[in-house]
Number of protein chains: 4
Amino acid sequence: MKSTDTYRKIPRQARALASVDAILEAAAQILQGGDGRFTTNAVAERAGVSIGTLYQYFPDKNAILIALARQELSLTGSAVTDSLSQRETGCELDERLRLAIRALIEGFHGRQRTRKALIEALIANGLSEELTRPVDEAMQDILSNAPRLPSGTIPKVRPVTAFVATRAIVGTLRAAIMEESSFIGSPEFEDELVRLAHTLLDSSH
Amino acid sequence: MKSTDTYRKIPRQARALASVDAILEAAAQILQGGDGRFTTNAVAERAGVSIGTLYQYFPDKNAILIALARQELSLTGSAVTDSLSQRETGCELDERLRLAIRALIEGFHGRQRTRKALIEALIANGLSEELTRPVDEAMQDILSNAPRLPSGTIPKVRPVTAFVATRAIVGTLRAAIMEESSFIGSPEFEDELVRLAHTLLDSSH
Amino acid sequence: MKSTDTYRKIPRQARALASVDAILEAAAQILQGGDGRFTTNAVAERAGVSIGTLYQYFPDKNAILIALARQELSLTGSAVTDSLSQRETGCELDERLRLAIRALIEGFHGRQRTRKALIEALIANGLSEELTRPVDEAMQDILSNAPRLPSGTIPKVRPVTAFVATRAIVGTLRAAIMEESSFIGSPEFEDELVRLAHTLLDSSH
Amino acid sequence: MKSTDTYRKIPRQARALASVDAILEAAAQILQGGDGRFTTNAVAERAGVSIGTLYQYFPDKNAILIALARQELSLTGSAVTDSLSQRETGCELDERLRLAIRALIEGFHGRQRTRKALIEALIANGLSEELTRPVDEAMQDILSNAPRLPSGTIPKVRPVTAFVATRAIVGTLRAAIMEESSFIGSPEFEDELVRLAHTLLDSSH
DNA sequence: AATGAATGAGCATTCATTCAT
DNA sequence: TATGAATGAATGCTCATTCAT
């Protein structure tokens with residue numbers, strides 16, 4: 001039922017690349033539509049591609065979902081770790097943290113309806129781990145490569161703490177998306193999340 | 001698309017009540033099974049009841065899911081608000097908060113696999129709001145009936161803060177369940193959540 | 001599939017009669033409603049009677065339909081033949097014919113929606129002969145007991161002619177009902193049908 | 001409830017056309033069979049086609065019925081109007097009328113059992129208007145394009161008259177089919193209908 | 001007699017996937 | 001490579017009818 005390989009064949013030619021892109025874009029659009037119409041045939045049709053071609057590049061329906069999820073969420077993870085691993089001297093810890101949170105919010109912000117549908121679709125197809133994995137990886141990354149405190153010491157963060165902190169933040173963001181909350185764009189929302197994030201670092205005291 | 005009424009007819013005879021219970025129990029078991037076998041026919045069969053009987057009490061498939069969700073999660077919400085609204089003199093704020101968190105964790109704790117599957121099924125069937133609603137109601141409840149601070153003043157909690165706080169806690173719990181994390185039973189987990197919860201009350205400073 | 005006996009048991013007690021009446025009335029009402037909700041359970045419920053009781057008096061669903069059809073259409077046939085067989089001297093043939101047509105129209109006129117639904121239901125349940133039979137019987141009746149012409153001779157009407165004449169008239173009425181035509185109440189409509197009926201008698205020239 | 005579009009997709013390949021034909025032919029045969037077995041699965045099976053293929057070309061069960069009805073009755077309407085609109089000089093009015101009636105009868109004549117079942121099926125599925133529509137259109141056509149009288153004047157036919165005339169004729173034909181009457185093939189039957197039809201034209205006197 | 005809970009065969013429809021062209 | 005016709009297992013749901021109470 002689960003597809004381990006995302007792509008059936010690596011598309012080499014320009015034409016093939018265009019097809020894959022069209023398929024993913026079509027998938028995103030249909031997801032955005034919101035009606036329960038996310039079928040392989042519908043995706044192919046919207047992509048202007050035959051259903052046969054679709055199956056040339058994706059072994060099954062889930063593969064499309066996974067590919068789309070990776071595309072949509074990859075920025076997110078890297079943006080956060082990038083922000084956190086910045087080592088420019090002038091950059092205060094507080095500021096770096098805020099930037100990371102901001103990157104995270106922005107990552108989740110765009111194409112909100114698509115993301116909501118994507119999350120639902122992933123879960124509906126038994127691929128919820130596909131959602132938690134990147135979060136966990138980011139967390140591991142942060143833990144092993146944590147930003148130094150002003151004192152220069154590396155904070156010792158317990159696994160539980162890390163778990164709760166990451167899930168709390170991502171869970172809040174996910175809830176905001178799923179409930180189509182208008183908070184998500186506001187500065188107060190960012191403030192609250194930053195405050196939440198401090199929990200992570202303050203726990204080492 | 002959505003089923004507003006959970007039950008089609010109120011069961012009067014003992015026989016009927018037994019049927020409804022059997023159906024819900026069968027639903028829980030099948031969900032627990034984890035295969036994508038949650039079909040009305042499968043539920044009826046496992047309940048030892050005909051498909052017709054099933055539909056005598058539930059207007060459609062979703063209604064079963066909703067009824068099960070309410071049964072499984074109702075304790076949760078009320079347990080929390082009960083804990084929070086305790087006004088025994090000797091009971092410190094900290095203690096009350098901890099009790100509320102504990103109630104929440106315990107509500108989510110039992111039958112973990114069933115709950116995970118239930119959550120997935122609710123989302124897969126477009127009923128994700130059924131998950132957020134009780135949380136939101138609890139939040140409203142807390143907001144309008146907040147525990148007094150030691151000083152005797154009622155803390156003014158902004159909506160954003162309340163939103164973030166509730167979603168952070170529930171999001172963490174949900175993640176713990178979905179990832180089948182072993183943290184969920186540990187005291188440290190509870191500690192971390194309590195610390196998180198303080199964020200809500202401390203925001204009025 | 002077809003029910004030859006309309007009633008399972010002849011209701012003797014007042015209570016039983018009331019039940020039967022209630023059931024037929026409920027059936028008529030539901031038919032009138034027009035939504036495809038004509039189910040035995042729905043009829044029983046509307047009649048304020050249990051489904052078991054319904055089956056005490058009607059062997060199957062079709063029996064209800066047939067009983068209702070006979071009740072609704074019996075007047076029609078007899079009214080026509082009554083009109084046609086009047087032998088009062090002062091009554092001109094033309095006048096008698098008009099009265100017969102009028103009786104027919106009036107028979108079809110009331111409870112138009114119910115009749116339409118009844119016709120549809122009868123056909124849908126393979127009971128279309130239940131509709132044609134009374135017409136045919138009336139025709140036989142007329143043929144063997146035709147009104148005398150002014151000259152005192154009995155007109156010789158060929159079977160084909162009788163067939164066409166009766167079907168033309170009833171067919172027109174039925175169409176008017178099925179199409180919910182507003183013509184059905186107008187005097188011109190009556191005039192036209194009378195003219196049509198003359199075909200029958202004039203054919204013997 | 002009603003299917004406005006008869007076809008879901010227009011068949012392009014020869015294979016597809018063959019499928020559609022097979023489905024319609026199978027539908028006709030099953031209808032002819034007379035058992036209440038007109039199910040989509042039965043049609044597909046008899047057509048030697050998978051149920052999926054059936055639904056590729058027909059949006060729902062009713063669409064099959066409608067398509068079949070149009071195929072079976074289309075000739076009818078056009079044949080009549082063709083006959084009526086003939087303007088060859090040598091052709092008398094009487095003759096043209098007779099030809100029209102003959103076309104109508106022939107249209108209804110063939111495959112009598114299929115037609116009976118088709119009519120029943122249309123009505124049973126709430127598509128009775130599908131039966132009256134072509135008649136009404138033909139009537140409108142005749143009204144606006146009536147054959148000239150010998151005198152050269154265009155007869156003014158009142159709507160009621162047209163209604164009664166068309167319904168009388170079609171109603172008679174329908175009755176003949178539904179009752180499986182043997183009259184339908186006889187010359188006398190045609191004569192009677194022609195006489196009936198004269199009613200329409202003679203009404204302008 | 002009346003009740004109403006239970007039954008289950010049966011049906012319309014969907015959609016991921018294949019494969020001949 | 002691309003196409004799209006074909007597949008068919010699978011599913012949600014209805015409703016006439018029975019029978020224990």
Side-chain angles (χ1 to χ4, degrees), chain A residues 1 9 11 13 15-16 19 36-45 49-62 64 125, chain B residues 9 11-20 36-45 48-62 64, chain C residues 1 9 11 13 15-16 19 36-45 49-62 64 125, chain D residues 9 11-20 36-45 48-62 64:
Chain A
M1 187 65 73
K9 67 168 64 171
Q13 304 183 6
R15 188 165 46 151
S19 288
R37 310 291 315 147
F38 188 74
T39 67
T40 50
N41 284 290
V43 170
E45 190 182 6
V49 152
S50 79
I51 183 67
T53 299
L54 185 151
Y55 274 90
Q56 203 102 47
Y57 296 110
F58 297 92
D60 59 28
K61 192 188 176 188
N62 283 345
I64 304 173
N125 286 82
Chain B
K9 75 158 59 161
R12 294 172 198 284
Q13 301 185 2
R15 203 165 33 147
L17 269 173
S19 290
V20 169
R37 308 291 313 152
F38 189 76
T39 68
T40 51
N41 284 295
V43 170
E45 191 180 5
V49 150
S50 80
I51 183 68
T53 297
L54 185 153
Y55 275 94
Q56 199 118 52
Y57 298 107
F58 298 92
D60 57 27
K61 192 188 172 189
N62 283 346
I64 304 173
Chain C
M1 187 64 72
K9 66 168 64 171
Q13 304 182 5
R15 189 167 42 155
S19 289
R37 307 292 315 149
F38 188 75
T39 68
T40 51
N41 284 291
V43 170
E45 191 182 6
V49 153
S50 80
I51 182 69
T53 299
L54 184 150
Y55 273 90
Q56 202 102 48
Y57 296 111
F58 297 91
D60 58 26
K61 191 189 178 189
N62 283 346
I64 304 173
N125 287 81
Chain D
K9 75 158 59 161
R12 295 171 197 284
Q13 301 185 4
R15 199 164 38 147
L17 270 173
S19 290
V20 168
R37 308 293 311 153
F38 189 75
T39 67
T40 51
N41 284 292
V43 170
E45 191 180 5
V49 149
S50 80
I51 183 66
T53 297
L54 186 152
Y55 275 93
Q56 198 119 53
Y57 298 107
F58 298 91
D60 56 28
K61 192 188 172 188
N62 283 346
I64 304 172

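Chain identifiers are assigned alphabetically (A, B, ...) following the order of the sequence lines, protein sequences preceding nucleic acid strands; residue numbering begins at 1 within each chain.
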**Q** In whole angstroms, how far is the C1' atom of dA16(E) from the CZ atom of Phe38(A)?
**A** 12 Å

**Q** Nucleotides 6-8 of chain F: which of its N/O atoms have a protein N/O under 3.5 Å away?
**A**
residue, atom, partner, partner atom, Å
dA6(F), OP1, Arg15(D), O, 3.2
dA6(F), OP1, Ser19(D), OG, 2.7
dA6(F), OP2, Tyr57(D), OH, 2.8
dA6(F), N7, Gln56(D), OE1, 2.8
dT7(F), OP2, Ser50(D), N, 2.9
dT7(F), OP2, Ser50(D), OG, 3.4
dT7(F), OP2, Thr53(D), OG1, 2.9
dG8(F), N7, Gly52(D), N, 3.2
dG8(F), O6, Gly52(D), N, 3.4

**Q** Please state how far atom CD in Glu45(B) lies from atom P in dA9(E), giving the value in whole angstrom units.
**A** 12 Å

**Q** For Val49(A) and Leu54(A), work out which heavy atoms get closest and say how close.
**A** CG1-N, 3.9 Å

**Q** What is the distance from CD1 of Ile64(C) to P of dA16(F), rounded to the nearest Å?
**A** 9 Å

**Q** Under a cut-off of 3.5 Å for both distances of each Watson-Crick or G-U pair, what dot-bracket string does DNA chain E give, using [ ] for crossing pairs and | for inter-strand pairs?
**A** .||||||||||||||||||||

**Q** Between Lys61(D) (NZ) and dT14(E) (P), how many Å, whole number?
**A** 15 Å

**Q** Which heavy atom in Tyr55(C) sits nearest to a heavy atom in Asp60(C), and how many Å separate them?
**A** CE2-CA, 4.1 Å

**Q** Contact between Tyr57(B) and Ile64(B) at the side-chain level, heavy atoms closer than 4.5 Å - yes or no?
**A** no

**Q** How many whole angstroms separate atom OH of Tyr55(C) from atom P of dA5(E)?
**A** 17 Å

**Q** Using a 4.0 Å heavy-atom cut-off across all strands, classify Phe58(C) as base, sugar-phosphate, or nothing.
**A** nothing

**Q** The criterion is side chain to side chain donor-acceptor pair (under 3.5 Å); which residues satisfy it with Thr39(D), sequence neighbours excluded?
**A** none

**Q** Can you see which heavy atom on Val43(D) is nearest to which on Phe38(D), and at what distance?
**A** CG2-CE1, 3.7 Å

**Q** Can you find a side chain N or O atom of Arg37(C) that sits less than 4.0 Å from OP1 or OP2 on dT14(F)?
**A** no

**Q** Map Ala42(D) and Thr39(A) onto DNA chain E by nearest heavy atom, then report which one ends up closer to the 5' terminus.
**A** Ala42(D)

